[in-house]
Amino acid sequence: MLHREKLVVGNWKMNGNRAENAALVRDLLSGLGSLAGIRAGSVGVCVPYPYLAQISELLKGSPLFWAAQDVSDAPSGAYTGQVSASMLNDFDCAMTLVGHSERRGLNHESNELVALKARRAVAAGLRVLVCVGETEAERAAGHTEAVVLGQLGAVLTELDGAALERLVLAYEPVWAIGTGQTASPAQAQEVHALLRGRVGQRSESVAARLPILYGGSVKPGNARELFGMPDIDGGLIGGASLVAKDFLAIVAEIAR
Ligand code: PEP
């Protein structure tokens, strides 16, 4: 039987400072050391850009990887305020998020732009964690399937066969992010299976190995049930990733 990679990735969003980051990383590394069954590279944190040097230094040689929260779709040049994939590579960045709902919503990022960012990240050798998910109104209108397949479809258009190997997906219903209202395991599983099926139309073997994470108010108390579903391969964790004890308790659920 195929054992798919399990991942837990923390998204710090726009939180932290040098002192808090150092304390959080210290607590995470000491806690991870005593967790049995966690593979190096299966737990990561998405840090704000100004701290990439600090965090890449602190995590050197550790089992924890660090990731960015976004990346430019352009390679270099006159793009004030943006950060390129090759800059991230310079700091041993393993992965970047793209298409987080806060960027889609607050920065009006289209499916096409998210897909171009994904292509650029993969071309620079990064893994890319693409977030998809519907709003509350879209779910209520029965549009969940169309919305997430539209978001995924744009990415599949931009990634060729080899690039697909570097893809990780996160299903994050917008109504569950930071609200304390989690999708039920059955609701999440339904969307995860749909996403895997769509990738399977391109490549059955990629789909079988593709990690699909769930995100949206994952806490120590609900992670086990969510991660126990057949197509949920771990989590993308916002608020709880800022509290070492909570994040570690969630991480422990992928070691089971
Ligand atoms: C997120 O920001 O990706 C997220 C899932 O946040 P939270 O866990 O706080 O809902």
Side-chain angles (χ1 to χ4, degrees), residues 6-16 20-21 24 28 42-49 51 55 64-71 93-109 111 114 117-118 121 127-136 138-139 144 147-148 151-152 155 167-185 187-189 191-192 195 211-227 229 231-254:
K6 302 248 182 216
L7 287 168
V8 172
V9 180
N11 176 14
W12 292 357
K13 311 195 188 195
M14 198 172 72
N15 292 296
E20 285 174 8
N21 298 345
L24 180 54
L28 290 179
S42 60
V43 184
V45 287
C46 301
V47 304
Y49 287 143
Y51 299 111
I55 300 302
L64 196 60
F65 70 83
W66 77 269
Q69 298 178 8
D70 187 40
V71 70
C93 180
M95 179 188 276
T96 183
L97 294 185
V98 298
H100 191 281
S101 64
E102 287 152 16
R103 294 205 61 86
R104 290 181 190 267
L106 300 171
N107 295 64
H108 311 291
E109 294 194 2
N111 291 350
V114 169
K117 289 180 172 197
R127 294 184 87 183
V128 66
L129 204 177
V130 178
C131 304
V132 301
E134 80 288 0
T135 63
E136 192 165 27
E138 287 164 344
R139 176 164 281 264
T144 298
V147 169
V148 299
Q151 292 167 334
L152 174 60
V155 171
L167 175 68
V168 178
L169 287 178
Y171 168 54
E172 298 208 305
V174 181
W175 47 272
I177 295 180
T179 60
Q181 192 192 343
T182 318
S184 70
Q187 278 175 324
Q189 165 61 26
V191 178
H192 282 231
L195 295 170
I212 308 181
L213 314 186
Y214 169 78
S217 297
V218 177
K219 305 284 177 226
N222 58 26
R224 183 173 306 179
E225 240 197 323
L226 285 160
F227 299 174
M229 301 307 283
D231 287 292
I232 301 183
D233 307 309
L236 178 57
I237 318 299
S241 72
L242 298 171
V243 181
K245 146 173 102 36
D246 289 354
F247 189 61
L248 289 165
I250 293 168
V251 167
E253 296 300 335
I254 59 164

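Keep in mind that this is a model prediction, so the values were computed, not measured. One-based numbering, in listed order, for ligands and for the atoms of each.
No N or O atom of T179 sits closer than 3.5 Å to an N or O atom of ligand 1.
Shortest contact from atom 3 (O) of ligand 1 to any protein heavy atom: E172 OE2, 2.7 Å. When hydrogens are left out, the protein atom nearest atom 8 (O) of ligand 1 is G238 N, 2.8 Å; that is the closest non-hydrogen contact. Among all non-hydrogen protein atoms, the one lying nearest atom 9 (O) of ligand 1 is G239 N, 2.8 Å.
Atom CD of residue Q189 and atom CD of residue Q187 lie 12.0 Å apart, to the nearest 0.5 angstrom. Taking OG of S184 as the reference point, atom CG of N222 lies at 11.0 Å (rounded to 0.5 Å). Put simply, OG on S241 and CH2 on W12 are 8.0 Å apart, with the number rounded to the nearest 0.5 Å. From I254, atom CD1 reaches atom CG of D233 across 10.0 Å, with rounding to the nearest 0.5 Å.
Distances from atom 1 (C) of ligand 1 to the heavy atoms of Q181, H100, E102 show the closest one on H100.
Atoms of ligand 1 found under 4.0 Å from any heavy atom of G178 (numbered from 1 in listed order, with element): 7 (P), 9 (O), 10 (O). If you number the atoms of ligand 1 from 1 as listed, the ones under 4.0 Å from a heavy atom of A176 come out as 10 (O).
Within the 4.0 Å heavy-atom cutoff, G216 counts among the residues contacting ligand 1.
No more than 12 heavy atoms of other residues, nucleotides or ligands shown are found within 6.0 angstrom of CD on E225.
Contacts of N11 with ligand 1, taken as heavy-atom pairs under 4.0 Å, involve the side chain alone.
At least one side-chain heavy atom of V9 sits under 4.5 Å from a side-chain heavy atom of C46.
Taking the charged nitrogens against the carboxylate oxygens, K219 and D246 have no contact shorter than 4.0 Å, which rules out a salt bridge.
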